Amino acid sequence: MGFFIETMLGGLMTGMLYSLVALGFVLIFKASGVFNFAQGAMVLVAALAMARFSEWSNAALGGDSLFLANVIGIIGAGAVMFLVAWAVERFVLRKLVNQEGATLLMVTLGIAYVLEGLGQTFFGSEIYSINVGMPKDPVIMFEGLVEGGVMINKEDFIAAALAAVLVGGLTIFFQKTAIGRALRAVADDHQAAQSVGIPLNKTWVIVWCVAGLVALVAGIIWGSKMGVQFSIVTVALRALPVVILGGLTSVPGAIVGGLIIGVGEKLSEVYLGPFVGGGIEIWFAYVMALIVLLFRPQGLFGEKIINRV
Amino acid sequence: MKFRTLALAAAIASVGLSSATFSTAAQAQAQEQFFPVLVYRTGAYAANGNPWANGYVDYLKLVNAQGGVNGVKISFEECEFGYATDRGVECYERLKGKGATVFQPLSTGVTFALTDKAPVDKIPLITAGYGRSESQDGSVFTWNFPLLGTYWVGADVAIQHVAKQLGGLDKLKGKKIALVYHDSPFGKEPIPVLQERAKMHGFDLQLLPVAHPGVEQKATWLQIRRDRPDHVLLWGWGVMNSTAIKEAQATGYPREKMLGIWWAGAEPDVKDVGAGAKGYSALALQHGAEPNSKVVKDMLAMVHDKGQGTGPKDEVGSVLYMRGLISAMLGVEGVRQAQERYGKGKVMTGEQVRWGLENLNLDQGKLDGMGFAGVMRPVQTSCTDHMGSSWVRVHTWDGSKWAFSSDWYQADDKVLRPMVLEAASKYATEKGVQRRTAEQCAQ
């Protein structure tokens with residue numbers, strides 16, 4: 001029983017992190033109708049910038065103040081993400097107003113390659129660490145209730161809590177603020193939004209900045225957990241089945257989808273894996289998403305799109 | 001009319017000039033031994049691929065700085081393949097046409113793909129510490145050279161080391177050993193030897209594959225926490241290694257009970273984990289980090305201090321840098337050995353280099369003279385043994401550096417040789433390859 005609970009908890013905590021990355025996809029899609037394949041590259045660039053700025057400033061400060069170095073790192077990385085958002089709007093999206101969704105999708109693929117290349121050129125391709133003081137050792141809880149207790153990883157727990165706070169904050173921002181409503185209006189119809197005075201260019205910069213912020217938080221959490229290096233890009237791929245499952249247009253869908261995928265992949269690996277040779281968790285997540293697509297093509301929470309002719 | 005004449009004259013002159021340039025370049029190339037360099041400086045495995053590539057290229061520069069191979073200078077060209085098998089094969093196809101006489105794929109997947117091509121193109125493959133384990137049998141695998149050791153050697157020594165920690169091979173009975181492996185040809189290579197050893201000694205072998213690139217291992221380590229194996233063998237590469245050690249820490253599995261293959265025992269695997277990796281051990285493919293060796297001092301003096309180093313200076317002498325450096329040295333010595341037979345100071349062909357690699361005899365005196373004293377043991381190949389050495393040590397991360405923690409082990413030939421012969425014969429039957437006779441070997 002204890003092991004089952006551990007697996008469930010592990011899945012839920014991982015799932016919350018998937019939700020965070022999935023939220024980056026959903027935000028940009030809702031605000032600009034673009035399925036942003038560059039989200040993983042943004043996580044990489046944000047984490048690399050944070051790690052390197054923090055490392056350089058720590059060295060400049062004589063290694064005395066890790067806290068200050070981390071603050072400088074976060075500010076530096078935030079500035080880089082703003083620069084990315086501005087450059088994407090200025091040099092890419094501005095030229096592509098009212099273009100087909102497929103065109104915009106292909107453009108984000110190109111942006112991903114550019115960001116991956118530039119990120120590694122400027123900040124390096126070694127493994128860098130982010131030390132924000134996350135505890136690394138596990139704690140055993142409920143020893144009186146369950147034989148052997150339930151092991152909880154403190155780092156995972158804190159990361160999941162941080163992700164939950166950010167997800168909650170973004171949900172409120174998106175649903176309740178004027179900027180959030182403007183973002184949704186732009187997503188529905190570029191020209192209609194412009195005609196009622198919503199500045200398209202500014203809105204796009206804002207939404208890419210928010211996606212950059214999400215990428216920065218995800219980068220710090222994943223970077224602290226597994227080190228900052230190129231493979232962090234693949235974390236974004238883990239969020240793909242989440243958005244398929246939850247629906248591309250739904251913030252709650254990203255949250256619930258993340259949790260379902262997180263728990264599902266862990267349970268499948270542990271309980272089904274041994275029967276089929278193991279190593280199934282990555283593709284099993286896609287199988288779950290595909291099953292949902294068979295019955296609900298718009299995902300669990302996505303909007304059903306009806307085109308009238 | 002005048003313009004047309006001028007244009008015609010210019011065109012003729014440019015053709016003449018370019019052909020003169022071409023023939024000069026061709027001549028220069030003809031006087032140089034060309035080394036193709038397959039690298040991955042980008043992508044998921046860049047952190048480990050970079051130091052290897054830097055060590056490899058730096059050694060070629062060092063040889064040139066020392067006058068070349070009996071006067072023959074070395075030229076080289078890198079090809080980036082990102083540890084992707086298809087791109088690795090593309091690199092091979094591109095560079096073989098430029099006069100390549102030896103390839104080092106740095107990927108077991110690419111090695112599998114090229115094993116059938118090498119005999120056709122007559123280019124030997126050096127796979128130092130990776131590749132197909134049965135390719136040790138040179139009478140079948142004429143063009144493969146898994147010099148210094150194969151994964152079967154690694155698996156055999158890993159069990160010997162675990163047994164020694166327990167107090168003897170007989171103490172393995174009833175124990176549980178888990179193999180956490182990269183779900184790829186590389187990760188699957190040791191399984192036959194571990195299964196054979198499990199049968200021999202009565203221990204339980206648990207197989208836990210990890211999907212590429214290995215950043216998500218929570219479920220794997222939860223299973224380890226549940227099943228509590230006595231030892232964990234880690235067969236990882238790149239980010240998979242540091243992730244595994246972090247997950248071990250997160251699940252409370254003692255790092256002292258973990259033993260990695262030699263591709264899971266370098267600075268990038270543990271540096272980011274720091275004190276959390278303290279006590280973690282890995283096999284050393286003879287060498288470890290060797291910052292005090294003579295070859296490293298020569299490298300710093302003759303290459304890096306002259307501003308010609310490929311990577312950062314503080315990386316020189318690190319584990320993977322040394323692996324790349326030694327791999328390059330083995331290729332260069334293959335050329336040098338070939339020159340002994342086919343003519344000193346001449347550029348060797350692929351077939352001649354193959355002969356050189358098959359007749360390699362790096363005794364301790366030679367190695368010491370080249371600056372490898374204390375770094376590695378003698379390597380001697382033959383027609384039937386393309387590996388040349390099966391000595392391995394263990395080194396342990398003390399929280400800030402790797403330090404040797406065991407004496408030398410040698411893989412047990414009584415266990416491995418029959419397996420090598422059987423697997424090589426199976427390959428020969430499948431591919432219709434004739435095993436070379438003693439007479440053919442002597443040619």
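Chain identifiers are assigned alphabetically (A, B, ...) following the order of the sequence lines, protein sequences preceding nucleic acid strands; residue numbering begins at 1 within each chain. Just so it is clear, the structure is predicted and the values come from calculations on it, not from any experiment.
With a threshold of 4.5 angstrom between heavy atoms, A:Trp222 approaches chain B through side-chain atoms but not through N, CA, C or O. No part of B:His182 comes within reach of chain A, as not one of its non-hydrogen atoms sits under 4.5 angstrom from that chain. The contact between A:Gln229 and chain B is made entirely by side chain atoms (from C-beta outward), counting heavy-atom distances below 4.5 Å.
Top candidate by heavy-atom pairs under 4.5 Å with chain A, chosen from B:Arg41, B:Lys218, B:Glu216, B:Gln206, is B:Glu216. Your options are B:Ala250, B:Pro213, B:Ala46, B:Gly252, and the one with the most heavy-atom pairs under 4.5 Å with chain A is B:Ala250. Between chain A and the options B:Thr251, B:Val210, B:Thr42, heavy-atom pairs under 4.5 Å are most frequent for B:Thr251. The most heavy-atom pairs under 4.5 Å with chain A, out of B:Asn48, B:Val215, B:Leu207, come from B:Val215.
Around atom NZ of B:Lys401, no more than 12 heavy atoms belonging to other residues, nucleotides or ligands sit under 6.0 Å away.
Across B:Tyr151, B:Trp237, B:Phe112, a single residue satisfies ring-ring contact (aromatic ring centres under 6.0 Å, His included) together with B:Phe186, and that is B:Tyr151.
Defined by atom type and a distance below 3.5 Å, a donor-acceptor pair is missing between the side-chain atoms of A:Asn131 and A:Asn70.
Within the 4.5 Å cutoff, side-chain heavy atoms of A:Lys154 are placed close to those of A:Val139.
The pair A:Glu155-B:Lys246 does not count as a salt bridge, with every side-chain nitrogen at least 4.0 angstrom from each carboxylate oxygen.
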